[in-house]
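Let me begin by handing over the structure; questions about it come next.
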Amino acid sequence: MGLDMYLLLEDIETGELIEYSYYRKFNALQGYFEQNYNIANPGKILLKDDIMSDLYIRLNEIRYSPEKANLLLPSYPGPFFGTYEYDRLYHSYVNQAAIDFYHAKFIDYKKYKLYYASDW
């Protein structure tokens, strides 16, 4: 058991869900969604441009100014949510999420919806 998070594409025509990205115990990302969007457990929210832009800006700023991590995307406590350190693992999660959110800009949103989903 633990914190599992996904970016999911939903084909608008068929309703099929496709796993776009997966994160394991990236509690800071979960904390962002719990604090800003009150996501339930399990939960799923539609990612709109403003959410994706805000997250991408935060993630990218942390990549270039790691000392701002605790201000921009702080670790978030929860049951089986993993480590709370701003260490190599945290920054590898940040790098992967920044890449994923950058590429998400190029999804064909006439064909797909993008969701953030989590379960713990």
Side-chain angles (χ1 to χ4, degrees):
M1 186 141 198
L3 176 61
D4 295 303
M5 298 114 56
Y6 305 87
L7 296 182
L8 300 171
L9 288 173
E10 180 183 32
D11 186 308
I12 293 172
E13 208 171 281
T14 66
E16 177 187 9
L17 287 176
I18 304 159
E19 185 178 309
Y20 179 77
S21 191
Y22 170 76
Y23 310 98
R24 175 91 174 138
K25 297 187 179 185
F26 184 11
N27 60 57
L29 187 60
Q30 179 67 18
Y32 173 86
F33 284 102
E34 283 191 32
Q35 292 176 334
N36 294 304
Y37 302 100
N38 201 24
I39 192 169
N41 178 36
K44 181 171 89 169
I45 66 165
L46 179 64
L47 294 177
K48 299 196 178 195
D49 285 338
D50 59 334
I51 298 171
M52 289 191 298
S53 292
D54 181 47
L55 266 172
Y56 179 71
I57 289 167
R58 288 170 188 261
L59 293 162
N60 222 27
E61 183 144 356
I62 293 167
R63 289 170 79 187
Y64 296 105
S65 300
E67 69 279 2
K68 294 181 181 179
N70 65 325
L71 301 172
L72 297 170
L73 200 62
S75 61
Y76 189 75
F80 308 107
F81 274 24
T83 181
Y84 305 117
E85 302 296 321
Y86 299 101
D87 56 8
R88 181 177 284 188
L89 182 59
Y90 173 91
H91 289 286
S92 71
Y93 291 151
V94 166
N95 280 331
Q96 184 59 51
I99 291 166
D100 293 339
F101 280 94
Y102 173 77
H103 287 119
K105 295 179 190 180
F106 303 103
I107 293 170
D108 181 357
Y109 288 101
K110 293 178 185 157
K111 185 174 179 177
Y112 298 102
K113 292 180 183 177
L114 183 64
Y115 291 93
Y116 172 82
S118 65
D119 188 12
W120 68 92

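These values consider heavy atoms only, across backbone and side chains, with no hydrogens, waters or symmetry-generated copies.
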Should Ile99 and Ile107 be regarded as members of a common hydrophobic cluster, given that ILVMFWY residues are connected when their side-chain heavy atoms come within less than 4.5 Å of each other, either directly or indirectly? no
Does Asn95 offer a backbone N or O that forms a donor-acceptor pair with the side chain of Arg63 under 3.5 Å? no
inquiry  = Do Asp54 and Tyr32 pair up side chain to side chain, a donor and an acceptor below 3.5 Å, judged on atom types alone?
reply    = yes
Could you tell me whether a side-chain N or O of Asn27 sits under 3.5 Å from a main-chain N or O of Tyr84, the two making a donor and an acceptor?
no
Between Gln96 and Tyr23: side-chain donor-acceptor atoms closer than 3.5 Å = no
Requested in this report: For the pair Tyr90 and Phe26, name the ring-plane relationship: parallel under 30°, tilted 30 to 60°, perpendicular over 60°.
Outcome: perpendicular
- Message: Strictly distance-based, threshold 3.5 Å: is any side-chain N or O of Tyr86 a donor or acceptor partner for the main-chain N or O of Ser75?
- Response: yes
Q: Check whether any side-chain heavy atom of Leu55 lies under 4.5 Å from a side-chain heavy atom of Leu29, and answer yes or no.
A: yes
May I ask you to decide if Arg24's main-chain N or O and Tyr93's side chain share a donor-acceptor pair within less than 3.5 Å?
yes
- Query: Considering only heavy atoms from C-beta outward, does the side chain of Arg58 approach that of Val94 to under 4.5 Å?
  - Reply: no
Treat each ILVMFWY residue as a node, draw an edge where side-chain heavy atoms are under 4.5 Å apart, and state whether Leu8 and Tyr112 are in one component. no
Check: So do Ile39 and Gln30 actually touch side chain to side chain, heavy atoms under 4.5 Å?
Finding: yes
When rounded to the nearest 0.5 Å, the distance separating CG of Asp100 from NZ of Lys105 is 13.0 Å
So do the side chains of Leu114 and Met52 get within less than 4.5 Å of each other, counting heavy atoms only?
yes
So does Ala104 get a backbone contact from the side chain of Tyr20, meaning a donor-acceptor N/O pair under 3.5 Å? yes
| With under 30° as parallel and over 60° as perpendicular, where do the rings of Phe33 and Tyr37 fit, or are they tilted in between? | tilted
